[in-house]
Amino acid sequence: MSDTTLIILLSTITTGLMLGLIFSLVAVGVTIIYGSIWMPNAANGQFFLLAALFAWSTSVSWGLQPALAALLVIGSSVPLSYALEILLVRRFYDVPNRNISYFVLTLGITQILSGIFSITYGVWSDQFQLPPLVPGVTMLGPFPIANNRLAAMLIAAVLLAILFALLRFHRYGRALRAVFQNRDAAALRGVNVRGIYRMSFVLGNAVIFAGGVLFACAYSFDLTIAWTMAITAFAIMIIGGPGSVLGALVIGIVFGLTQAVASIFASPTIAAFAYLGAMLIILLFRPSGLFAR
Amino acid sequence: MLEISGITIRYGPFLAVNAIDLRVNEGEIVGIVGPNGAGKTSLVKAIGGIVRPDAGRIVFQSRDLSDVPAHLRIGLGISIVPEGRGLFPRMSVEENLLMGGYALASAEEMARNIERCFALFPVLAERRRQAAGTLSGGQQQMLAISIGLMSTPKLFVLDEPSLGLAPIVIAEIGRTLRKLRETGLTVLLIEQNAKLTCSVAQRIYILTSGIVRHHDTADRVMASPEVLEHLI
Amino acid sequence: MTGLMRRWLAHAIFALAAFATPLLLSGNRYFAFIAGITFFSVLWATGMNLLYGYTGLMPLMFGGIAGISAYVTIGLSANGWSFWLAMLVGSVAASLVGIVLGLPALRLRGFYFTLCSLVIQTVITLAFVYFVNLTNGDVGISHIPLPELPGGRQLAGTAYELVLATIAVIGVVVLTVIVESSFGRRLTAIREDDGLAETLGINVTRQKLAAFFVASLFASVGGALYAPYVGFISPRSFDVLLSLNIWVMVAFGGRGTIWGPVIGAVILAPVPFVLQDYYTIKDVVYGLLIIGVVVLLPGGIVGGVKRKGRADAPAAVAKQAAPVR
Amino acid sequence: MQKGYKILATGCALALALSTTALAHEPVKVGFVTELTGPWSFFGTSCIAGLKLAERHLNPAGERKIEFEVVDDQTKSDHALAAARNLDVQSKVIALSGPTSSDTALAINGYAEQNRVPFIVPVAAFPQLTKPGTHYTFRIEPDAAGWGYAIAQFVAKRKPSAKIALVYSDFALMRAIAAGLKYSAPKVGLKIEPEIVFPQGTSDATVQAAQVRAAHPDYVVVIGAGGFDNTLTNELLDIGIKPDQIIHPYGITTQVLNWGQRSVGSYYGTFFDANLDKLTAEGKQFVDQFRTQNGRPPSYIENYCYTTAYIIREAIDKNPSAADDREKFRDAISALKTKEPTSGIPIVFDKNGARKEYMYFMQIKDVQKTDYKSKQVFYIDWNPEAIPVYDLVK
């Protein structure tokens with residue numbers, strides 16, 4: 001294999017994995033929240049951006065160590081989620097068709113956050129870049145890859161693995177899945193359903209925040225990523241099956257790899273058409289998603 | 001052990017359960033028989049805390065349950081197998097059993113109870129890794145009963161265990177329930193199938209349109225089938 | 001009988017207000033323009049209400065359908081067609097596309113369809129950007145000429161707003177007629193339970209597609225008239241934010257009522273214009289307004305007010321749907 | 001509505017009363033519709049920051065006062081149009097100005113031409129804004145297609161028959177620049193290979209960076225904006241492209257600061273900087289003041305918005321009757337032959353309102369946290385007729 005081919009092959013794989021892991025993180029966050037509380041969180045893109053911007057502030061403006069800044073930001077999602085849960089989310093737990101109430105609610109939050117961003121961060125720059133987590137470049141054979149990106153990729157993979165293990169093997173994870181699958185039965189088995197709701201809201205947002213922080217570490221970003229990410233996360237959730245963490249994980253990585261591969265062989269716009277079209281076709285034949293219950 | 005007095009449940013203008021009194025003594029198997037829409041499932045939901053009654057009291061072991069939320073009732077010793085079996089279809093048989101024992105604090109007791117369930121239904125042991133949703137109807141019902149037993153209950157409430165099962169499987173369920181009676185477990189069995197119920201229970205309540213129409217021992221209900229026929 | 005009269009009285013008042021507004025505001029082209037934009041919102045919200053309020057489907061590609069109609073209409077009239085003929089063809093064509101895009105709704109239940117339509121809208125926007133030859137891509141089309149009236153005069157100024165008022169009034173009347181017809185009752189049955197509707201002998205597929213056609217017609221007539229009124233269209237004019245805004249107007253005002261979405265549109269559409277000078281807080285105010293209504297009046301303004309009248313009903317519904325835990 | 005009508009009626013009466021009295025003492029109002037919120041808010045607010053600095057010098061004692069009425073357009077065309085209409089009808093501004101994005105500028109451009117309102121575009125390079133037949137629109141920023149022309153001239157001078165890799169985002173502005181380059185490059189013996197287009201909303205470009213590197217180009221022209229432009233450049237550098245091989249047709253200061261130390265040797269065009277050869281005393285003051293106020297050096301955006309205020313002042317000073325008559329104001333702007341107060345670069349509009357073209361390229365060195373040095377390495381002034389800009393971009 002010539003160096004050129006190898007470089008393109010390796011760059012495709014790394015790009016696909018990098019994007020895929022971030023897509024997966026956000027989609028897992030979205031699907032955990034939708035699967036348990038039925039909350040289609042339209043604000044997930046804004047939360048993602050909030051995390052990225054906050055990471056930028058802490059590491060660039062306040063001069064914190066990037067790793068420390070990342071932890072701080074992800075940690076900050078917890079009080080934020082709690083406050084939102086107590087103020088707004090909790091009110092709708094018993095409302096019929098609450099997914100629609102939640103959708104309106106999160107659209108309101110989206111509007112507020114995007115308004116705040118454009119008059120704060122939007123005034124400072126049209127693009128944001130974090131200092132690298134790890135400086136330097138590693139050679140994968142002939143292909144040079146920034147250590148920073150390798151680190152972000154690794155952290156994303158580890159986070160997803162921890163999350164997966166938590167949901168699969170831990171008592172709380174099992175309770176969470178039980179609530180996804182059969183709320184009343186879970187309550188009868190002693191699961192505090194409201195407690196699980198709260199936990200999944202907090203956990204889901206933390207995961208979305210982690211996605212935002214890692215994205216900010218790996219790429220420069222601007223305020224337009226919010227909607228792109230929101231739509232992508234919804235699309236992944238639909239195809240993977242709402243509430244299915246495995247679905248979000250697999251489809252997220254497939255999305256990332258598709259984007260990377262398609263960008264070599266076809267115009268990336270055609271690629272976007274192709275995978276959104278594929279989504280529609282999958283939905284027509286498996287309306288509840290590929291990994292649905 | 002369980003004392004229900006004057007329980008009333010409304011859904012808007014629809015009166016599902018109308019001032020029911022009911023009593024289950026320790027070590028006893030009590031059956032509730034009634035047709036569709038008699039209010040049986042609403043009553044179960046009220047015992048489980050899934051539905052809040054509009055009036056009346058439920059007392060379990062001389063403790064008023066009205067302020068006890070659903071998820072804490074299992075800790076008091078009430079274990080309910082709801083209508084539709086209450087399985088977690090995408091989890092394995094083993095995970096379902098672990099969920100059954102969710103309220104247990106000790107890992108030892110969990111392991112012991114799982115072994116007991118496997119002893120009771122060996123087929124579940126064979127299929128411990130299989131997703132619950134892919135089991136046959138009879139196996140699902142066995143799993144449902146096992147889940148209910150996992151929390152080492154004092155009161156075991158079974159809602160419609162025979163629903164949608166073949167007669168041969170129903171007979172098997174009946175055998176299991178009689179086996180449980182020998183262990184001294186207190187059981188409240190809610191059923192449409194009067195024959196099954198009478199073969200298992202000691203006392204029978206007959207429920208129609210949200211009201212207790214008749215209350216007697218199982219033998220006497222069996223002895224006068226015209227009462228049943230008249231009421232149901 | 002009095003109920004019927006009262007209903008049409010409301011329509012008469014609405015029509016009167018709609019026609020009076022452009023005349024009263026004719027001295028000020030800016031306020032008149034805001035009124036014009038509000039009429040579009042009324043029309044679109046009413047159309048979406050047919051799907052979301054009465055059929056229970058939440059199509060977030062509504063803006064995309066309006067856009068298809070706008071591009072077809074402008075494209076045809078640039079090729080020498082009369083605007084009105086172009087608008088007719090464009091609207092019908094876009095509505096047929098609307099039927100095709102509604103097909104997933106036949107398979108997808110409830111909110112899945114909504115999320116799916118969100119993605120469909122994204123595809124439509126991408127298509128507007130991608131097919132540069134037809135749409136001029138992201139540059140958009142500027143200098144869109146005003147429609148010609150018979151007699152060679154241009155439809156402009158107050159006359160244009162009067163046409164928009166007429167369209168908005170017709171939209172509301174059409175919706176009312178549909179809702180009171182057997183078609184409307186079939187749609188409501190589908191909204192409540194489409195399985196049950198099927199067993200009652202309703203051809204759910206055909207009714208849903210018909211609803212899509214009619215609602216898309218609302219979207220596309222609006223889209224066709226929007227382009228020359230604003231004078232500039234680009235893919236961003238008909239993006240997902242438009243669809244979401246229209247939908248929020250319906251939910252805000254109260255879905256499944258004739259007047260809820262109208263009120264929602266009349267309140268929300270002018271907000272960004274009225275708050276133009278307070279741009280720093282505008283989005284926050286808009287967001288808080290939406291959150292406030294969702295928290296305080298869960299059925300929207302009209303639904304919430306109606307519900308206050310029969311306080312026990314929602315509690316019962318709540319108990320049935322999501323019991324106390 | 002009743003109340004609104006009353007206010008309106010009062011307003012109309014007032015306006016009528018005012019128009020009949022002498023207007024000479026009234027300030028001249030200019031409507032400034034720009035992007036204070038929405039995705040383009042950085043450009044709008046930067047523009048206002050430049051404009052504010054100009055306002056200090058704008059109204060010397062004894063002269064007719066000029067006032068800017070700034071309105072947000074949310075980076076949305078319909079809001080831009082509504083704002084333009086409001087300023088035209090309500091505030092009776094003498095001219096419109098302000099937009100920094102092609103979307104909003106094109107929307108207002110249509111309104112201005114239809115309603116005969118002079119319209120001065122500070123920052124929007126899209127050629128169609130001043131297409132043949134345009135009468136009321138004037139543009140201060142050079143033509144985007146012309147940037148491509150200038151890049152070709154620059155590369156040909158550096159390395160004749162060089163191979164250029166062209167990478168650009170699929171936005172109208174970027175396509176226009178690429179079109180200019182693709183038209184001009186073969187004419188001066190340059191080869192373009194590969195040519196890579198990115199759709200809007202892309203976030204990763206490692207694969208394309210690898211493709212670029214595999215082609216072994218002499219120069220890489222990167223045409224993008226926002227976060228993606230930055231990501232792409234980082235990826236090119238990661239994969240082994242040398243900083244001085246990368247050419248950005250335009251850049252803003254925050255972008256340069258983002259590149260940090262690795263950006264040594266990147267090239268920029270149409271870029272306003274403290275190190276311009278022709279920087280005037282006022283220009284130096286402008287850069288210093290801007291840096292003090294905003295913590296970073298200004299970019300071309302701020303310069304052009306500063307300049308906008310200046311040319312309006314000059315047009316009115318030279319022709320006082322233009323202050324109250326839109327046609328005369330248009331003619332005055334059209335007839336202007338002046339210089340940017342900051343850089344001394346001439347300002348002359350052609351008959352379509354396009355500015356005669358001047359391009360300068362800066363080589364960036366020594367990037368600090370909030371500052372950098374740069375050296376002017378190339379300058380070209382050229383005739384817009386050199387390439388058929390309006391035919392290249394539809």
Side-chain angles (χ1 to χ4, degrees), chain A residues 2-16 18-19 22 52 60 114-115 117-119 121-129 131-132 137 143-146 148-149 215-216 218-225 227-229 231-232 256 259-261 263-264 267-272, chain D residues 35-46 48-49 72 74-75 169-170 196-211 213-216 224-235 237-240 252-255 257-260 262 294-296 299 301 369:
Chain A
S2 76
D3 271 10
T4 307
T5 331
L6 199 59
I7 287 177
I8 291 180
L9 185 73
L10 286 171
S11 65
T12 310
I13 294 170
T14 52
T15 300
M18 182 78 242
L19 280 178
I22 286 174
V60 175
S114 72
F117 293 155
S118 75
I119 56 172
Y121 289 94
V123 170
W124 167 251
S125 182
D126 73 329
Q127 53 178 273
F128 301 89
Q129 181 186 336
V137 169
F143 172 66
I145 182 165
N148 180 42
R149 187 169 299 200
F215 185 88
Y219 301 106
S220 301
F221 61 96
D222 52 46
L223 304 187
T224 60
I225 55 162
W227 263 114
T228 318
M229 194 48 74
I231 301 278
T232 311
Q259 233 177 42
V261 173
S263 63
I264 316 177
S267 132
T269 314
I270 296 285
Chain D
E35 291 73 28
L36 299 176
T37 59
W40 213 253
S41 60
F42 172 72
F43 292 86
T45 43
S46 297
I48 296 298
D72 175 31
Q74 306 174 33
T75 324
S169 291
D170 194 8
I196 296 171
V197 194
F198 286 95
Q200 303 184 8
T202 314
S203 39
D204 192 300
T206 320
V207 182
Q208 288 75 7
Q211 282 174 299
R213 186 173 130 185
H216 297 292
F228 177 64
D229 190 10
N230 202 2
T231 299
L232 174 57
T233 306
N234 280 333
E235 282 166 346
L237 293 169
D238 281 346
I239 209 158
I252 52 171
T253 47
T254 48
Q255 187 169 29
L257 298 174
N258 270 341
W259 265 297
R262 302 157 83 195
N294 300 279
R296 61 176 171 87
S299 304
I301 311 162
K369 205 170 170 194

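Proteins get letters first, then strands, A, B, ... in listed order; numbering begins at 1 in each.
- A donor-acceptor pair under 3.5 Å is absent between the side-chain atoms of D:Ser41 and the main chain of A:Val123, judged by distance alone.
- Pairing each heavy atom of D:Arg213 with each of A:Pro144, the nearest pair is NH1-CG, 3.9 Å.
- Scored by the side chain to side chain contact (heavy atoms under 4.5 Å, CB included) test, D:Ala210 finds A:Ile7, A:Ile8, A:Ser11, D:Ile239 as partners (sequence neighbours excluded).
- At a threshold of 4.5 Å between non-hydrogen side-chain atoms, the residues A:Met18 and D:Thr206 do not count as touching.
- Looking at A:Thr228, only its side chain comes within 4.5 Å of chain D, counting heavy atoms on both sides.
- Only the backbone of D:Phe228 comes within contact range of chain A, with at least one heavy atom under 4.5 Å from a heavy atom of that chain.
- Taken to the nearest 0.5 Å, the CH2 atom of D:Trp40 stands 12.0 Å off from the CG atom of A:Leu223.
- Contacts between A:Phe215 and chain D at a heavy-atom distance below 4.5 Å involve the side chain alone, from C-beta outward.
- When heavy atoms are compared at a cutoff of 4.5 Å, D:Thr231 approaches chain A by way of both its backbone and its side chain.
- The parts of A:Ser125 that come within reach of chain D are both its backbone and its side chain, each placing non-hydrogen atoms under 4.5 angstrom from that chain.
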Query raised in the report: Between A:Arg149 and D:Asn234, is a side-chain contact (heavy atoms from CB on, under 4.5 Å) present by the stated rule, with each step listed?
Result: CA-CA 11 Å; A:Arg149 187 169 299 200; D:Asn234 280 333; over 6 Å; no

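- Using a 4.5 Å cut-off between heavy atoms, A:Tyr121 makes no contact with chain D at all.
- Proximity to chain A (any heavy atom under 4.5 Å) is shown, for D:Ile196, by neither the backbone nor the side chain.
- For A:Thr12 against D:Val207, the heavy-atom pair with the smallest separation is CA-CG2, 3.6 Å.
- Pairing each heavy atom of A:Trp124 with each of D:Phe42, the nearest pair is O-CE1, 2.9 Å.
- You'll find the side chain of A:Thr15 stays beyond 4.5 Å of the side chain of D:Glu235, heavy atoms only.
- Rounding to the nearest 0.5 Å places CD1 of A:Ile22 at 9.0 Å from CG of D:Asp204.
- With a threshold of 4.5 angstrom between heavy atoms, A:Trp227 does not approach chain D through any atom at all.
- Evaluated for a side chain to side chain donor-acceptor pair (under 3.5 Å) with A:Ser220, the options D:Thr233, D:Asn230, D:Asp229 yield exactly one hit, D:Asn230.
- Both the backbone and the side chain of A:Tyr219 come within contact range of chain D, judged by heavy atoms closer than 4.5 Å.
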